[in-house]
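Have a look at the structure below before the remarks.
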Amino acid sequence: MLQNVVPAEVSLVCVVKPDEFWDKKVTHFCFWKEKDRLGFEVILVSANKLTRYIEPCQLTEDFGGSLTYDHMDWLNKRLVFEKFTKESTSLLDELALINNGSDKGNQQEKERSVDLNYLPSVDPETVLQTGHELLSELQQRRFNGSDGGVSWSPMDDELLAQPQVMKLLDSLREQYTRYQEVCRQRSKRTQLEEIQQKVMQVVNWLEGPGSEQLRAQWGIGDSIRASQALQQKHEEIESQHSEWFAVYVELNQQIAALLNAGDEEDLVELKSLQQQLSDVCYRQASQLEFRQNLLQAALEFHGVAQDLSQQLDGLLGMLCVDVAPADGASIQQTLKLLEEKLKSVDVGLQGLREKGQGLLDQISNQASWAYGKDVTIENKENVDHIQGVMEDMQLRKQRCEDMVDVRRLKMLQMVQLFKCEEDAAQAVEWLSELLDALLKTHIRLGDDAQETKVLLEKHRKFVDVAQSTYDYGRQLLQATVVLCQSLRCTSRSSGDTLPRLNRVWKQFTMASEERVHRLEMAIAFHSNAEKILQDCPEEPEGINDEEQFDEIEAVGKSLLDRLTVPVVYPDGTEQYFGSPSDMASTAEHIRDRMKLVSLKRQQLRHPEMVTTES
């Protein structure tokens, strides 16, 4: 490198090696043989012996000398100076060529010159900034050292570089100012040409491929998935249009700026471009929006149709399953659920009609921007599809309504069935209560014939009530049989309620008959006894008839015996009227009456035995 750069100024080259190098290996150098070829001498020395050849004041600190010098700093600044000199000189030539080319009178040569040399190879701002920074450091007559920050006087070449840098900066500023004006004029002309070119690009694409994409998209799909696919395709088309709309916005802003600061001769052309661009973009944007709204309406229509279809499927599935509710409450709950589902279907169908009509209205307006294309076929397919979906949903709803009516009738019959069963069971309970009341409270036989007759009449009315209750229960059970036949289910009452009803009624009739027999015997007993006990002078012979006394005594004894006999039911169980104390009280009253009759008999036989005490 030294041979190539400064061979005449070098007489000796010292190659410094570390001390450890000498300890490790002995090396023989033959640089002295190359002295004639190189033009200077080369020796290999250690650092501590370097002062034998160079004075310490001429050596830097890292070689044991006292020279204040930072070679890396000097080298960096020297590289900056050389780079600035080279770049500024080259830049001045380029700027001069550009500026001189713009001053030529021939328009063709000017355009060719400016086109070829429009941009310099380096950035003038960067070069100027580098030059100013370099000049500032040269004028301060110091360079920053390494990390120590040591200041020292500049070298001679650094002092000579200052005027050279100033001269280059002045020339650069002058040429750069002219260059900026050339660029401004050229930028204005180029901007206008670019705007014209971009406007035509936008217009041609929107009226060409963009419009063709919209012409090819007319369907609305026959399902949610198909509508979503069409919507996705439309979003891709919108995405492509968005790029051109972004160019339109940028162009519109540029045109507006040029209109505000443009020459009078450019205003007409700029306004014409702006109007043409706006018309095409707004028309295309409205068509995209119309298509998007149409697809959104179709997606909503198919969404409502799908929801309604699912509701109808759920309602139909519920109706196809035969249910057997356990009680009336579950039936009412089922009927309520059916009504709610049917009401929901009604609301869904109404919503479908509204969505469908709105979609049909939009389709009818679709031909307003058909670009001359006949869209009758496409529209007819869409209209037929929409109307077909609404008609199909209407038919499915009607079928479900018919099935709901049948299910409602069946449920109401089941409610009646449960009600009849409950009322029949209640009739059995009522009849059981009447039987219990008959056995526990209907025990008196009366104190005389008149009272006994009243009791007998009351008993007959009581029996009529029981008979009505029994008949009511029978009718209810017969109704359950009819309802079960209508519902095609096994009668659930004949196996439980009907036998209970018949059993209780049988017990009641047996107890009632026994009660009637006792009351009739009591009437006969009291009637005969009263005839004898009363004083009847008109019929002395009848009173004296011994047979009457015997009959009364026989009836009384039979009645007393009957009071002790229980009612025996068909199943063998026995049941007494009232409690033992009640029976004893009734029997005591009959015995008292019999005693009176016996005393009367004795009086008639032996009149002399009658005393005041008797």
Applying salt bridge (Lys or Arg N to Asp or Glu O under 4.0 Å) to Glu174 and not counting sequence neighbours gives none

Show the nearest heavy-atom pair for residues Cys281 and Phe245, with the distance to one decimal. O-CE2, 3.8 Å

Sequence neighbours excluded, the answer for side-chain hydrogen bond (donor to acceptor under 3.5 Å, both in side chains) partners of Glu193 is none

Under a 3.5 Å distance rule, please check whether Glu207 uses its side chain to pair with a backbone N or O of Val280 as donor and acceptor. no

Restricting to salt bridge (Lys or Arg N to Asp or Glu O under 4.0 Å), what partner residues turn up for Glu212, sequence neighbours left out? Arg215

If the threshold is 4.0 Å, N to carboxylate O, is there a salt bridge linking Asp402 and Arg399? no

Surrounding CD of Glu340 (heavy atoms of other residues, nucleotides or ligands, distance under 6.0 Å), is the total greater than 12? yes

Partners meeting side-chain hydrogen bond (donor to acceptor under 3.5 Å, both in side chains) with Ser239 (sequence neighbours left out): none

For Glu194, salt bridge (Lys or Arg N to Asp or Glu O under 4.0 Å) partners two or more places apart: none

By the side-chain hydrogen bond (donor to acceptor under 3.5 Å, both in side chains) test, which pairs, at least two apart or in different chains, include something from residues 220-234? Ser227-His302, Gln231-Gln296, His234-Glu238

Measuring only between side-chain heavy atoms, which start at C-beta, is Leu360 closer than 4.5 Å to Asn382? no

Taking only residues two or more places apart in sequence, or in another chain, which ones meet Glu181 in a salt bridge (Lys or Arg N to Asp or Glu O under 4.0 Å)? Arg184

Once ring-ring contact (aromatic ring centres under 6.0 Å, His included) is applied, what residue pairs with a partner in residues 195-216 remain, sequence neighbours excluded? Trp205-His241, Trp205-Trp244

Can you tell me how far the CD atom of Gln333 sits from the NZ atom of Lys336, to the nearest 0.5 Å? 8.0 Å

Asp384/Lys380 salt bridge by N-O under 4.0 Å criterion: yes

Should the heavy atoms of other residues, nucleotides or ligands under 6.0 Å from CD of Glu61 be counted, would the total exceed 12? no

Phe301 versus Met390: any side-chain heavy-atom pair under 4.5 Å? yes

Summary of side-chain hydrogen bond (donor to acceptor under 3.5 Å, both in side chains) pairs that have at least one residue in residues 80-89, sequence neighbours excluded: Arg78-Glu82

How close do Gly348 and Val304 get, counting heavy atoms only, and between which atoms? O-CG1, 3.8 Å

With sequence neighbours left out, what residues match Asp346 under side-chain hydrogen bond (donor to acceptor under 3.5 Å, both in side chains)? Lys397

Side chains of Glu250 and Gln254: donor-acceptor distance under 3.5 Å anywhere? yes

Which heavy-atom pair separates Thr51 from Asn48 by the least distance, and what is that distance? OG1-O, 4.2 Å

Name all residues meeting the side-chain hydrogen bond (donor to acceptor under 3.5 Å, both in side chains) criterion together with Asp313; count only those two or more places apart in sequence or in a different chain, and write none if there are none. Arg396

Table please: side-chain donor-acceptor pairs of residues 349-358 below 3.5 Å, with sequence neighbours left out.
from: Arg353; atom 1: NH2; to: Gln394; atom 2: OE1; distance (Å): 2.2
from: Lys355; atom 1: NZ; to: Glu300; atom 2: OE1; distance (Å): 3.1
from: Gln357; atom 1: NE2; to: Asp361; atom 2: OD1; distance (Å): 3.1

